[in-house]
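Note sheet for the following structure.
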Amino acid sequence: MMLLISLVLALIPLLGIAWILLYGSITTVDGLFMSLILLTMSGVFALNVLLEFRKGKTAAKSPRQTGAQGPAARAGSSSSADGSVQRGTVQSVQFYESAVGQPNKSIVVLANGSTASRTLVLDGDLRNALPVGRTVEITIQKDNGNNVLSNVSYA
């Protein structure tokens, strides 16, 4: 539906340019700037049509390309009854203090070597628990919607 609306909105300014050309006011400053504004509006909506069309084609292809193995299994993570298990080498740990009453956060970046880095947001100060450069296996549990580190194994 959004694709059709954007297509119509891309064509309407082109009709305005045709009207300006038809009545010969393209040679005036007003006609020139109005034409430029209408072309810009048409271009923005045409770009939106293109992006929506490409997004639709990509969404149609994605279920076939994922196969039997999900993205969590490819990224070096698994799930168990205790929580989510993540494996990799710690690239960085950044600590952020939150406002009063909110849990502080640590942003941990894990690399597996063969796959892209994973960024995890966990509660608490984990700078000492996850040293940079060490290969770790961490277990993460959900607690009131927040990720909490429950176990760390060093390799």
Side-chain angles (χ1 to χ4, degrees), residues 1-17 33-155:
M1 186 66 180
M2 187 65 161
L3 184 69
L4 185 63
I5 292 171
S6 292
L7 186 63
V8 169
L9 290 175
L11 294 177
I12 290 174
L14 295 177
L15 294 174
I17 293 172
F33 282 107
M34 181 62 77
S35 298
L36 290 174
I37 291 169
L38 290 173
L39 276 175
T40 303
M41 289 172 52
S42 180
V44 167
F45 285 114
L47 178 64
N48 190 31
V49 167
L50 176 71
L51 293 176
E52 287 287 331
F53 184 70
R54 287 180 63 191
K55 183 174 71 172
K57 284 176 55 177
T58 305
K61 287 183 182 179
S62 62
R64 286 182 266 143
Q65 291 176 346
T66 57
Q69 192 178 31
R74 286 194 304 268
S77 66
S78 62
S79 186
S80 67
D82 296 334
S84 173
V85 177
Q86 302 281 332
R87 295 173 191 84
T89 304
V90 179
Q91 285 185 331
S92 70
V93 179
Q94 297 176 348
F95 175 67
Y96 293 97
E97 290 187 23
S98 299
V100 175
Q102 300 295 322
N104 295 328
K105 303 286 184 188
S106 289
I107 299 178
V108 180
V109 179
L110 292 178
N112 195 11
S114 62
T115 60
S117 299
R118 292 177 313 282
T119 304
L120 307 170
V121 179
L122 303 166
D123 280 358
D125 186 0
L126 301 177
R127 292 176 288 186
N128 292 330
L130 300 173
V132 175
R134 296 283 305 262
T135 302
V136 295
E137 178 179 301
I138 60 175
T139 304
I140 303 168
Q141 290 183 336
K142 288 275 191 190
D143 182 30
N144 294 329
N146 297 324
N147 293 327
V148 178
L149 181 68
S150 63
N151 189 23
V152 179
S153 299
Y154 301 102

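The first residue of the sequence shown is numbered 1, and numbering continues consecutively from there.
For S92, there are no side-chain hydrogen bond (donor to acceptor under 3.5 Å, both in side chains) partners at least two apart in sequence or on another chain. Taking R134 as the reference, nothing meets the salt bridge (Lys or Arg N to Asp or Glu O under 4.0 Å) condition, with sequence neighbours excluded. Take T119 and apply the side-chain hydrogen bond (donor to acceptor under 3.5 Å, both in side chains) test, not counting sequence neighbours, and it matches no residue. Annotation: side-chain hydrogen bond (donor to acceptor under 3.5 Å, both in side chains) contacts of T40 (sequence neighbours excluded): none. D125 pairs by the salt bridge (Lys or Arg N to Asp or Glu O under 4.0 Å) definition with R127, not counting sequence neighbours. Y96 pairs by the side-chain hydrogen bond (donor to acceptor under 3.5 Å, both in side chains) definition with Q94, not counting sequence neighbours. By the side chain to side chain contact (heavy atoms under 4.5 Å, CB included) test, D143 is found to be paired with V148, residues two or more places apart in sequence or in another chain being considered.
The shortest heavy-atom contact between Q141 and S150 is CG-OG, 3.8 Å. Nearest heavy atom pair, residue S106 against residue V93, reads CB-CG1, 4.4 Å. Across every non-hydrogen atom of Q86 and L120, the tightest pair is CG-CD1, 4.0 Å. Here the closest heavy-atom approach between residue T89 and residue G133 is recorded as CG2-O, 3.6 Å.
Contact annotation: the side chain of N112 never approaches that of R87 to less than 4.5 Å [non-hydrogen atoms, C-beta and beyond].
Distance check, rounded to the nearest 0.5 Å: CD1 of I140 to CG of L149 gives 7.0 Å. Distance CD1/I17 to CG/L36: 8.5 Å, rounded to 0.5 Å.
Each of T135, L130, I138 was checked for a side-chain contact (heavy atoms from CB on, under 4.5 Å) with V90, and the lone residue meeting it is L130.
Sequence neighbours left out, the pairs with a member in residues 33-52 that pass salt bridge (Lys or Arg N to Asp or Glu O under 4.0 Å) are E52-K55. Counting only residues at least two apart or on different chains, the salt bridge (Lys or Arg N to Asp or Glu O under 4.0 Å) pairs with a member in residues 96-106 are K105-D123. The salt bridge (Lys or Arg N to Asp or Glu O under 4.0 Å) pairs that include a residue from residues 146-155 number zero, where partners must be two or more places apart or lie in different chains.
Annotation for F33: atom CZ does not count as buried by contact number, only 12 or fewer foreign heavy atoms lying within 6.0 Å. Counting non-hydrogen atoms of neighbouring residues, nucleotides and ligands closer than 6.0 angstrom, the CZ atom of F53 reaches no more than 12 such neighbours.
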Validation: residues 3-16 side-chain donor-acceptor distances under 3.5 Å, sequence neighbours left out:
from : atom 1 : to  : atom 2 : distance (Å)
S6   : OG     : M2  : O      : 3.1
S6   : OG     : N48 : ND2    : 2.7

